[in-house]
Amino acid sequence: MNILLLASAFNSLTQRVHAELRDRGHTVAVELALPGTPLPDIVRRHAPQLVVAPMLKTAIPEEVWTAHTCLVVHPGPVGDRGPSSLDWAIHEGVDQWGVTVLQADGEMDAGDVWACVPCRVPPVPKSELYRGEIADAALEAVLLAVERFAEETHVPRKQDVAPTADAPLRPRPYLDQSVRRIDWAEDSTQDVLRKLRAADSQPGVLDVLLGQEWYLHGGHPESVLRGRPGELLATRAGAVCRATKDGAVWIPELRPRRVPGQPSTYKLPAVMALGDLLPPLPDHALPLLPEVRHRTWTDIRYREDGNVGFLSFSFPGGAMSTEQCRRLLDAYREACERPTSVLVLGGERDFFSNGIHLGVIEAADDPAAESWANINAIDDLVEAVLTTTDRLVVAAVAGNAAAGGVMLALAADEVWCRSGAVLNPHYRLMGLYGSEYWTHTLPRKVGPATAERLMREALPVSSAGALRLGLVDRVVDCGPDAFAREVGGLAARLASLPATASRITAKKTELDRLESVTPLAGFREQELARMRRTFDDPDATYHSLRRSFVHKVRPVCTPPHLGPARVAQTGPTHSAADVTGTAPHGVSSRPNG
């Protein structure tokens, strides 16, 4: 079927729907609903059999929905309406929610229902919920709706006119800052966390801190530290700890309020954002490999279960700054000192990694120098994984990964990917050639021709598609909450296999052979030479694309690579002329509406 996706951004859900529909043999194109875009004319040119809107913040024009069946994904159960569906669900503390696919008509969220799938609401941030349970339910609902449409016999059901217990029919308003506001003297820790989670990753919670207005992003409970409500107590891993009336919370990122007439602001690690405003505070850094008894927040954790070590990490938005890469490398080296035969590397629920931290780079006094430091830091980490020969390393990809994050996973002996993850193994949409030893690992996994195609097309790959290509070795079919448990069982089984010891022995032999023929250092040097030229060239498209990405500048048109499948291109695959849009791992962090 010829399907057109209409979206406000090519975000994580749009990418997943795009990849999954293509997996099923549909021809899929994407059009971004941008200001001034003549959508009726554009849709007419595509001549789609069906229009699907996975994430759309504006109404579909009547001229479009009267001419085509348009299925809109709403992140709420039947009867829920409004632009802040997930925000309200988390703000009100519900534990069950759902996703509805409805037909566009003259009233927002009021059309006939084609499919509705329920889902749980665990106590996680909104963007993590959106990429996890909501995305799983949305994908199931979209596939069901597309199947029903193709049958040509299904009659969608109308939404009830009168409210019921199952369909409250509540057109709720935008959840603004007057409702999100935190009263540090009165709100409990749980209330504060609920408000922070409901505002993640946009718009954040507007607050006053050290005499200035900031948007607070992210929130994690602290188990020990206490102080006067609203007081800053400590720092850790770039985050600040702030006291509540009955506890404290860690806030990883801050964003200054935009000044009228000035460029848009963006999130940064809280300590970096505050800069000289931050008073002297104790740094409550935990040991690199904290024991399980530490119940407080940290972005890097280690635990052991028999012969298996688990090194988990979770960085906001999946971005890894120079400092984060170095801390993770230190932790990795310590984990490799432990007497285990299998080491599992990865987060437990959300992002695996999206590569270098473009926000920190943009904020640096010398972005070119920080780009260079960041790419070398992540290369050091990837090299450590590639040269580990005394145990098997498993990359556990719980959530989305992109660019250098995909290559970090490919450095492991095996890549286990959750069924809901989306991979973007390419760099060119940020104007970069790429590093992280991709010229060694990617062709080795999928073959040179497929590696060239993935880099050229710059399209998202589903977990099932990645398995077929050989990009990953195993797909773990489970929900976000079950992934860590499933991986734990699989890793224990791997460690117990008699063949594991011989595989470990063979790793040293294979690395010695590789070093004698094509040393790893050669791949790194060749990649970094290309990257260095880009970083040091002030006119390179990387700098303008990075700036647009960080400041969330909307594209002027839909990038041409998002159109339907085209004849394969020839010639260089990483020239500036090939740059067609912003990095996919950036837009993937935007929650729906």
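For this chain, numbers begin at 1 and follow the sequence in order. Quick caveat, the model's predicted, so the values are computed rather than measured.
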*Take Arg197 and Leu193, measure what side-chain contact (heavy atoms from CB on, under 4.5 Å) needs, and give me the verdict at the end.*
CA-CA 6 Å; Arg197 287 168 177 163; Leu193 288 171; 4.3 Å; yes

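- Atoms CG and CD1, from Leu392 and Ile504 in turn, are 4.5 Å apart once rounded to the nearest 0.5 Å.
- Considering every non-hydrogen atom in both Cys119 and Ile134, the closest pair reads SG-CD1, 3.7 Å.
- Within the model, atoms NE2 of His426 and CG of Leu454 stand 8.5 Å from one another, a figure rounded to the nearest 0.5 Å.
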_Candidate pair Thr439 and Tyr437, rule side-chain contact (heavy atoms from CB on, under 4.5 Å), full reasoning_ = CA-CA 5 Å; Thr439 53; Tyr437 296 86; over 6 Å; no

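- Taking CD of Glu133 as the start and CH2 of Trp97 as the end, the distance is 14.5 Å to the nearest 0.5 Å.
- Using modelled atom types and a 3.5 Å distance limit, the side chains of Glu304 and Thr340 yield no donor-acceptor pair.
- The residues Glu337 and Arg333 are annotated as not salt-bridged, no charged nitrogen and carboxylate oxygen being separated by less than 4.0 angstrom.
- Tested against Arg236, the residues Thr296, Asp299, Asp283 include a single side chain to side chain donor-acceptor pair (under 3.5 Å) partner, Thr296.
- You'll find the side chain of His18 stays beyond 4.5 Å of the side chain of Pro54, heavy atoms only.
- Counting heavy atoms from C-beta outward, Leu13 and Tyr130 have side chains that approach closer than 4.5 Å.
- Residues that satisfy the side-chain contact (heavy atoms from CB on, under 4.5 Å) test with Asp390, not counting sequence neighbours, are Thr388.
- Applying the ring pair (Phe, Tyr, Trp, His ring centres under 6.0 Å) test to His284 and every residue at least two apart in sequence or in another chain returns nothing.
- Looking at heavy atoms from C-beta onward, Leu520 lies in side-chain contact with Thr387 at the 4.5 angstrom threshold.
- In this structure, the separation between CZ on Phe351 and CE on Met320 is 13.0 Å, given to the nearest 0.5 Å.
- With sequence neighbours excluded, the residues forming a salt bridge (Lys or Arg N to Asp or Glu O under 4.0 Å) with Arg180 are Asp87, listed by chain and number.
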*Can Thr189 and Thr244 be said to form a side-chain hydrogen bond (donor to acceptor under 3.5 Å, both in side chains), step by step?*
CA-CA 6 Å; Thr189 299; Thr244 65; 2.6 Å; yes

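- Applying the side-chain contact (heavy atoms from CB on, under 4.5 Å) criterion to Val271, with sequence neighbours excluded, gives Thr235, Val240, Leu278.
- Nearest heavy atoms, Pro460 versus Ala19: O-CB, 3.9 Å.
- Residues Tyr542 and Tyr427 keep their aromatic ring centres 6.0 Å or farther apart.
- Within the model, atoms OH of Tyr215 and NE2 of His217 stand 8.5 Å from one another, a figure rounded to the nearest 0.5 Å.
- The aromatic ring centroids of Phe315 and His357 lie 6.0 Å or more from each other.
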*Take Glu436 and Ile375 through the side-chain contact (heavy atoms from CB on, under 4.5 Å) test and state the conclusion after the steps.*
CA-CA 8 Å; Glu436 296 98 0; Ile375 200 65; 3.3 Å; yes

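- Here the shortest heavy-atom pairing between Pro77 and Cys116 reads CA-SG, 4.3 Å.
- Within a 6.0 Å sphere centred on CD of Glu348, heavy atoms belonging to other residues, nucleotides or ligands number 12 at most.
- Side chains of Tyr266 and Lys552 form no contact here, defined as non-hydrogen atoms less than 4.5 Å apart.
- In this model, a donor atom of one side chain and an acceptor atom of the other lie less than 3.5 Å apart for Gln15 and Asn424.
- A salt bridge is defined here as a Lys NZ or Arg NE, NH1 or NH2 lying under 4.0 Å from an Asp or Glu carboxylate O, and Arg327 with Asp330 fails to meet this definition.
- Of all non-hydrogen atoms in Leu429 and Leu545, the two that sit nearest each other are O-CD1, 3.7 Å.
- Residues meeting the salt bridge (Lys or Arg N to Asp or Glu O under 4.0 Å) test with Arg326, sequence neighbours left out: none.
- In summary, Arg503 and Glu510 do not engage in a salt bridge, as defined by a charged side-chain N under 4.0 Å from a carboxylate O.
- A salt bridge links Asp481 to Arg349: at least one charged side-chain nitrogen sits closer than 4.0 Å to a carboxylate oxygen.
- Between Trp297 and His220, a ring centre-to-centre spacing shorter than 6.0 Å is recorded.
- Side chain to side chain, Asp379 and Ser435 meet the donor-acceptor criterion of an N or O pair below 3.5 Å.
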_As a quick check of understanding, evaluate side-chain contact (heavy atoms from CB on, under 4.5 Å) for Glu253 and Leu268, giving each step before the final call._
CA-CA 5 Å; Glu253 294 183 310; Leu268 286 171; over 6 Å; no

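- Side-chain atoms of Arg120 and Asp95, non-hydrogen and from C-beta on, never get closer than 4.5 Å to each other.
- Residues Asn11 and Met55 come closest through the heavy atom pair ND2-CG, 3.5 Å.
- Ion pair Glu414/Arg474 not flagged as a salt bridge, since none of the NZ, NE, NH1 or NH2 atoms sits closer than 4.0 Å to an Asp/Glu carboxylate oxygen.
- Among pairs with a residue in residues 306-321, those fulfilling side chain to side chain donor-acceptor pair (under 3.5 Å) read Ser321-Gln324, at least two apart in sequence or across chains.
- Across all non-hydrogen atoms, the minimal contact from Leu32 to Pro559 is CD1-CD, 4.0 Å.
- Atom CG of Leu328 is separated from atom CG of Asp380 by 12.0 Å, given to the nearest 0.5 angstrom.
- Classification of Asp136 and Arg418 as a salt-bridged pair holds, one side-chain N sitting under 4.0 Å from a carboxylate O.
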